[in-house]
Number of protein chains: 2
Amino acid sequence: MIQLNSADLTCPFTTAQKVLSGKWSLMIIFHLKEGPVRFNDLLRKFDGLTHSSLTKQLKQLESFQVIHREVYHQVPPKVEYSLTDLGKKLHPTLDMLTEWGSEYIKNCKGIAR
Amino acid sequence: MIQLNSADLTCPFTTAQKVLSGKWSLMIIFHLKEGPVRFNDLLRKFDGLTHSSLTKQLKQLESFQVIHREVYHQVPPKVEYSLTDLGKKLHPTLDMLTEWGSEYIKNCKGIAR
DNA sequence: CTGAATCCGAATAGATACTG
DNA sequence: CAGTATCTATTCGGATTCAG
């Protein structure tokens, strides 16, 4: 698993790059914007994302303290994921990224193969 | 090398994630903000970035049409890298990311090991 | 000065099977 | 329902060497 060491915390970009590096990280964070979501609900939102990959990504993001994991001790088990304050602060950046991504898509039909 | 296929261009996040995924991408783009930079000048700016890794990253970013490669046919060779319009549009997002990264660093001394 | 080619180790993503 | 454990294939970054 990716770890942030103290050397990384010298550079804002290294920090951001590591935190957002997972293939699904951006989308997971985006889908938690509206509030807590359960594991399987999250899983169903993404096409091509597998059970175990989601588990790993969530643990990763949790270790970065970007998302919070709330366990309800009941049967059947229930676990909800939500954004931490740190995670919520990513909203405006995510919105800009989305905008840029859309712009990119509009302008770059020629890039895809 | 990472490629954007037409399926990717369906989702702004996938697009953004792929384009910015390289370990040095964010920093390279950031350092091109002020204008064109030569290969070796760029190389010297980063500690731990090797010659061949930089070559690959630049080709990658060029393929995404985020940076432009200008070759001056002279001896010794001179090549300058600069941001394309698409790349320039990343500025505000990068600035927000920097801000977030700094915020993260301030709040999360406890995360590093 | 700039960059291509190759090779290697580490890190991912995903498939599958098993558990409380 | 929400995991864990293990295995595999692929990718990625970096070192090294060679070339225009």
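All values below were derived from every heavy atom in this structure, side-chain atoms included, with hydrogens, water molecules and symmetry-related copies excluded. Throughout, protein chains are lettered first and strands after them, A, B, ... in sequence-line order, and every chain is numbered starting at 1.
On a pure distance criterion of 3.5 Å, a polar donor-acceptor pair joins the side chain of A:S52 and the base of C:dA15.
Checking the phosphate oxygens (OP1, OP2) of D:dG3, a side-chain nitrogen or oxygen of A:Y81 falls inside 4.0 Å. Within the structure, a side-chain polar atom (N or O) of B:K59 is placed less than 4.0 Å from OP1 or OP2 of C:dA4. Between A:R38 and D:dC1 there is no side-chain polar atom (N or O) within less than 4.0 angstrom of OP1 or OP2. Taking side-chain N and O atoms only, A:K23 has a distance below 4.0 Å to OP1 or OP2 of C:dG14. Phosphate proximity of D:dG3 to A:R69: present, with a side-chain N or O under 4.0 Å from OP1 or OP2.
Nearest nucleotide to the B:S53 side chain, out of C:dG14, D:dC1, D:dG14: D:dG14. Of the candidate nucleotides D:dG14, D:dA2, C:dG3, C:dG3 has the atom nearest to the side chain of B:H51. You'll find that the side chain of A:N40 is closest to D:dC1, out of D:dC1, C:dA13, D:dG13.
Nucleotides of DNA chain C nearest to B:V71 and A:K56 differ in position, and the one nearer the 5' end is that of B:V71.
Between the CD atom of A:E70 and the P atom of D:dG3 there is a distance of 12 Å, given to the nearest Å.
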Would you please test B:D95 and B:K33 for side chain to side chain contact (heavy atoms under 4.5 Å, CB included) and show each step? CA-CA 11 Å; B:D95 289 339; B:K33 267 180 82 169; 3.0 Å; yes

Go through the steps for B:L83 and B:L90 under the test side chain to side chain contact (heavy atoms under 4.5 Å, CB included), then give the verdict. CA-CA 10 Å; B:L83 294 178; B:L90 272 171; over 6 Å; no

Test side chain to side chain contact (heavy atoms under 4.5 Å, CB included) on A:W24 and B:Q17; report intermediate values, then the result. CA-CA 8 Å; A:W24 303 92; B:Q17 204 275 327; over 6 Å; no

